[in-house]
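The structure under discussion appears below in the form of structure tokens.
Please read all numbers here as calculations on a predicted model, not as lab measurements. So that the names make sense, note that chain A is the first sequence line, chain B the second, and so on, each numbered from 1.
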Amino acid sequence: MTATLEIKDLHASVEEKEILKGVNLTIRQGEVHALMGPNGSGKSTLGYVIAGHPHYEVTSGDILFNGESILDLEPDERAKLGIFLAFQYPVAVPGVSFANFLRAAVSSVRGYKDRAREEMERTGQLKEVGSELMPMREFRKELFEKMDRFNVDRAFARRYLNDGFSGGEKKRGEVLQMAMLQPKIAILDESDSGLDIDALRVVSDGINKLVADGMGALLITHYQRILDYVKPDKVSVFYDGRVVLTGGPEVATMLEEKGYGWVEDHLAELEEKKKLVNG
Amino acid sequence: MTKTMIATPISVAAVKAISDRYDEPEWLRQRRLAAWETFEATPWPTYKEETWRRTRLTGFNLADFGLPVETPETFSSRDALPEHLQTELDKVDSAGALILQDGALIYGELDADLARKGVRFTDLRTALAEDEELVRVHLGALVATDENKFASLHYALWRNGAFLYVPRGVAAEKPFQVLVVQGPGLANFHHSLFIGEENSEAVVIEDFMGSQQGMSDSVAESYVKQAARLHYLRLQNLDETAWNFATQRASVARDGLYRQLQASWGSKLSKVWIDLEMEEPGGHGELLGLYFPQDHQHLDHHTNQNHKTPRCTSDLLFKGALDDHARSVYQGMIRVHHGAQKTDAYQKNDNLLLSDHARADSVPGLEIEADDVRCTHGATSAKVPEEYVFYLMARGLDRKTAQRMIVQGFFEEVINRVPVPGVRAKLEAEIAHRVGIE
Ligand SMILES: Nc1ncnc2c1ncn2[C@@H]1O[C@H](COP(=O)(O)OP(=O)(O)O)[C@@H](O)[C@H]1O
Ligand SMILES: [Mg+2]
């Protein structure tokens, strides 16, 4: 089955201030959907709300994963469904090694942890420490394979999560995590920002490989640049907390020519057109 | 409070009885009696004293504790040891091990090669019998009898302790391990005396355990002679009903290196003083601390980095996580004496609050009388950052696991500076246990 993530007339606020003002958007597995919009328009907020950040309050509308609302799910439960958010600003967690963290995450998402818990409940026996984790050998093998495949230095494994990472290293780290967690739908929040051309290639290449393997991606970006490397199937324009235009790759080209100023000037017209499309 | 303190089985008669029982030399008997006099002449601390402002002795009563009378069983081989002690020793690959049970040496071993090189690693009683002069000169020369009321009591009543002497130029690759085991309801006065001669190197690990409803009143003195390197890892694992008082000091001579870890897990209440004396130029001192009080535990650490001489460096990092209604106090002082130019001293205390009811007080301090120095200090106290939790949860970890991982990570900065893998594993296991991973 092809997984879909549908966002329906989503309104969300932070500290009483409405940021998302009726977002409509559908992301399908195997598809790249670019979301372009000016700074401050609420793109990251959308990513956070999809991932379940507790700081944001959904006031109306819905988010459906394969037709079912995920609004009541905790962030980890959403991750287990196969939703992944690559952060615009990944946080550094001192003292937590990349490998240990990722092994715990993979074990949880792939059900090792739940199976260990069920087993314990069934047999009434306490399991050994580590039994809720993916076996170390298997994990390391897969991690190193993917590090090689996605051009991430093996030394990452022992480093602390994002601690002292350069901007580029953080973004590569996000791609590696994504490769290990194998989500069905990934939201990539400005995975291209602050990257030099080599890093941009590595990151884009990673996204392309995962999409080819069947992942769906919402590619949030401020610039056209990454779209030279990752070809979108659909492009949506985001403005002031909502999607104002959706189309094919030509929308990105048009946007680059005309700029966000054009969007602002033609807002009323776009709204009208959308109503026609939706109606 | 004072009234009940007078009615204690711990008395001058007990002090004399210890001297008699061990047939001690006259100088030692006199020191004990003098210490007892000082103890009696010193009032019990009140919150009016700065060091005791945040730590009250409410409920503490000397009359509640007895002195050991029985002689415990001794063991001639590791295999014969009770399993829990054997397991504890086996966690570290060591060059020697001592087990003291309520002041009696019940087991001892030392690498034959090191013994041949002149290393002495034994209980303090044996050291006193074998080299009285060496003990006489060093015992009580760093931590004075009148340092505080608990030190006075210690010097009046100490029964035994751990003794390590590393001769000039000898480097012991593997650590020396001491288990200090205390029975229920007893008062124990363990004395640690470590001497690293010129150019020597050693690591000594001391584990304090037991003492249900008891009291531990210990003193540690570490001598780091010229260009010597001494690492002292002190793991306080007492029962959570124990009262714990400890006065510790190290002196570092020219180009010497001293590193200490204080891991405070157990006790109902702890008052721990740790002083570092940089006596001659070129020395380096490092004080590391870990604590993780839970329930109603109260852990108080008081440190001094005393720079008396130029060109020394010292580095302090104390990290604590607090849960439930736990309380911690950290008071630190960097003191740079007049003329101690080119001092480079650092002091940092970080606290992670895991409960709204936990409280961490941190009082860092600087006193600088020299002008060409670099001194930095800082203290933080915060909850587990929600942004960290969200990030980990977004990767599939449930909230509890995410929080545990962050707490474990918080302590890594200290743990990865501990030079013994077996000890690192022990610390990590204790932290895992405290965050709820069995
Ligand atoms: N946690 C927050 N607290 C307060 N305001 C926020 C928060 N997150 C986002 N905002 C506000 O929401 C708006 C949209 O921000 P954001 O979603 O980061 O936009 P974008 O990613 O498109 O640049 C901005 O005005 C920003 O200041
Ligand atoms: Mg953003």
*Drop me the distance from B/T401's OG1 to A/F101's CZ, to the nearest 0.5 angstrom.*
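Output value for this atom pair is 12.0 Å.
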*What's the spacing between B/M393 CE and A/E74 CD if we round to 0.5 Å?*
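Nearest 0.5 Å value for the CE-CD distance: 4.5 Å.
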*Checking heavy atoms, do the side chain of A/P183, its backbone, both or neither come under 4.5 Å from chain B?*
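Neither part; nothing is under 4.5 Å.
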*Tell me, side chain or backbone of A/L102 under 4.5 Å from chain B's heavy atoms, or both, or neither?*
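For A/L102, neither part sits under 4.5 Å from chain B.
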_Residue pairs passing the ring-ring contact (aromatic ring centres under 6.0 Å, His included) test where at least one lies in residues 171-193 of chain A, sequence neighbours excluded_ =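 Every candidate ring-ring contact (aromatic ring centres under 6.0 Å, His included) pair involving residues 171-193 of chain A fails, so no pair, neighbours aside, qualifies.
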Taking [options] one by one, which has the highest count of heavy-atom pairs under 4.5 Å against chain B?
options	answer
A/N100, A/V91, A/L161, A/V106	A/V91
A/S97, A/P75, A/P54	A/P75
A/K113, A/E77, A/K80	A/K113

For atom [atom1] of [X], is the number of surrounding heavy atoms from other residues, nucleotides or ligands below 6.0 Å larger than 12?
X	atom1	answer
A/R137	CZ	no
A/D72	CG	no
B/R417	CZ	yes
A/E145	CD	yes

*Are a donor atom and an acceptor atom from the side chains of B/E387 and A/H53 found within less than 3.5 Å of each other?*
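Result is yes, a qualifying pair exists.
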_B/F410 portion near chain A, given a 4.5 angstrom heavy-atom threshold_ =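 Contact with chain A: backbone only.
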*Report, by ascending residue number, the residues of residues 43-52 of chain A in heavy-atom contact with chain B at a distance under 4.5 Å; give 'none' if the set is empty.*
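Those residues of residues 43-52 of chain A which have a heavy atom under 4.5 Å from chain B are A/Y48, A/A51, A/G52.
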*Residues B/R395, A/D76: salt bridge by 4.0 Å N-O rule*: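 So B/R395 does not pair with A/D76 through a salt bridge.
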*A/Y89 and B/Y391: aromatic ring centres closer than 6.0 Å?*
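No, the ring centres sit 6.0 Å or more apart.
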*4.5 Å side-chain heavy-atom contact, A/V96 and B/Y388*: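 Answer no - side chains too far apart.
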